[in-house]
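Take a look at the structure set out below.
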There are 2 protein chains.
Amino acid sequence: MTTERTPPPTPADRPIKERSVAFEDLTARARIREAALEHFARDGYDRTTIRAIAKTAGVSPGLLRHHYGSKEDLREACDHYVFEMIHRANAEILSDPGAAAEVQETSKPFGRYVARSLADDSPTVGPIFDELVTMTEAWLTRADDSRPDTPTVDRRVRAALVTAMKIGIPLLHEHVSRALGTDMFGPDGERLVALALLDIYSHALIGQDVAAVAAAGYNEAQHQYRRRAIP
Amino acid sequence: MTTERTPPPTPADRPIKERSVAFEDLTARARIREAALEHFARDGYDRTTIRAIAKTAGVSPGLLRHHYGSKEDLREACDHYVFEMIHRANAEILSDPGAAAEVQETSKPFGRYVARSLADDSPTVGPIFDELVTMTEAWLTRADDSRPDTPTVDRRVRAALVTAMKIGIPLLHEHVSRALGTDMFGPDGERLVALALLDIYSHALIGQDVAAVAAAGYNEAQHQYRRRAIP
DNA sequence: TGGTTGATTATGCGTCTGTATAGTCTGGGA
DNA sequence: TCCCAGACTATACAGACGCATAATCAACCA
């Protein structure tokens, strides 16, 4: 396994598209990883082809195999990379206990990738979800402290649901953007989403009396048919 | 394009599956649709093969093409079918204004299919999402009435986000179930999710003072780098 | 200078998938 | 009885994809 080396003075690393932001004088290995992250996040694992990643990275499909063993290995490499990046980001967030950073967690650059991977059942991103749940759990602890009543449901269960809900937003970004009238990953959309989430999170969506009635009535409701499962 | 015809000799192509467990004496055409719904919901559109659907339905791949034109046409047929079913379900829900039915909307049988289709960017399910947003919007209207303050963000924007959040739960059912310790589509899990959602929805997750500070601080925050986009 | 190593490419192979086509079987009307 | 429409199957074809291999090229070291 080669490390992130600086390429030899290869001058012809340049046929690529990128100029504006960041660096395009990256290692081919790094370019492949970046291209894979974008493609996996945008198109999903299945729809993404090795050839497409290679084309975006400006290399041949064979080189991809040379650096990463297979398509699945490349996915795992991306997963581990993102896992590290999230760890790093979490450390920064913990030092700055602002709520905004936490709220828009899933709107970050890696959010799209994580969301896609979780929905695609990537075998190695389970721990990422669990860690996000743990983060939400710690956050819920503070919320529970300022609650008059006692929560009736285990905190981790609620944390898992809140986490899944947060991830649902970038997952359905296309439809959300359509409802917003602007790209939710664009500057305006990102701000709009953050402000809306702050409003949503800071208010109860249903009355506690209604919830109590519904919860009581739920336990005795025998409803809806079941569909057969695929053998 | 043939419609849902009644097969000549077959005893019944009855409105099907309404009662308890559906039967296997369905039209081949109906069996194909049922199998496709399950496969698409469980494996996603791309991972699902025509041959797999045919095998589950107990027919040959050719018959699938005979009834539905192509794989994409089959998907559209499923979308329209689910769209009708949701319409029908909505009518029932509106007559029974219980909150529980609304909360567990995405836990219904078709929820998995809708969630998958939305995440898979199915071209014909956009209207379904928009309708769910409208439902949520109507629901938010009642919530806003019992709010002391005035919402700062457009109601439809908040409705879209809440809708996406709700759909995120069945989408990440695998990870949610792992955190729950039981299958969230099973009897226990379904009840647990419903009760947890009632608890979550009936309480603010962050304080309004915190939210105000965060919202104020957000507009002047210049944070995080941007990643390049694929051309 | 010569040779080894690693980055990189070109090319081909086997498989899977969607699609197309031709053929088979069955029931019901004339 | 004939026969044909429609449900259904078997098989084949073309393309795409992941994967593998061999060849080429540049740099570094003895």
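By convention in this document, chain letters (A, B, ...) are assigned in the order of the sequence lines, proteins followed by strands, and residues within each chain are numbered from 1.
Minimum heavy-atom separation, B:I32 to B:H67: CD1-CD2, 4.2 Å.
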Nucleotides 11-26 of chain C: protein proximity per nucleotide (B base, S sugar-phosphate only, - neither; heavy atom, under 4.0 Å): ------BBBBB-----
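Remark: C1' of D:dG18 and CZ of A:R75 are 14 Å apart, rounded to the nearest angstrom. We find that CG of B:L64 is positioned 14 Å from C1' of D:dA7, with the value rounded to whole Å. Rounded to a whole Å, the CG atom of A:L63 is 14 Å from the C1' atom of D:dT24. Per the geometry, CZ belonging to B:R29 stands 9 Å off P belonging to D:dA7, to the nearest Å.
Scanning for side-chain hydrogen bond (donor to acceptor under 3.5 Å, both in side chains) contacts around A:E131 gives A:H87, A:N90, with sequence neighbours left out. The salt bridge (Lys or Arg N to Asp or Glu O under 4.0 Å) search around A:E72 returns A:R75, not counting sequence neighbours. For A:R51, there are no salt bridge (Lys or Arg N to Asp or Glu O under 4.0 Å) partners at least two apart in sequence or on another chain. A:R65 pairs by the salt bridge (Lys or Arg N to Asp or Glu O under 4.0 Å) definition with nothing, not counting sequence neighbours.
Of the side-chain N and O atoms in B:H67, none sit less than 4.0 angstrom from OP1 or OP2 of D:dG6. For D:dC8, the OP1/OP2 oxygens have no side-chain nitrogen or oxygen of B:H66 closer than 4.0 Å.
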Using residues 175-183 of chain B as the side-chain source, report each donor-acceptor pair under 3.5 Å to any protein atom, sequence neighbours left out, with the distance given to one decimal.
| from | atom 1 | to | atom 2 | distance (Å) |
| --- | --- | --- | --- | --- |
| B:H175 | ND1 | B:R178 | NH2 | 2.3 |
| B:H175 | NE2 | A:L118 | O | 3.3 |
| B:S177 | OG | B:H173 | O | 2.7 |
| B:S177 | OG | B:M184 | N | 2.9 |
| B:R178 | NH1 | A:D130 | OD1 | 2.5 |
| B:R178 | NH1 | A:D130 | OD2 | 2.8 |
| B:D183 | OD1 | B:F185 | N | 3.2 |

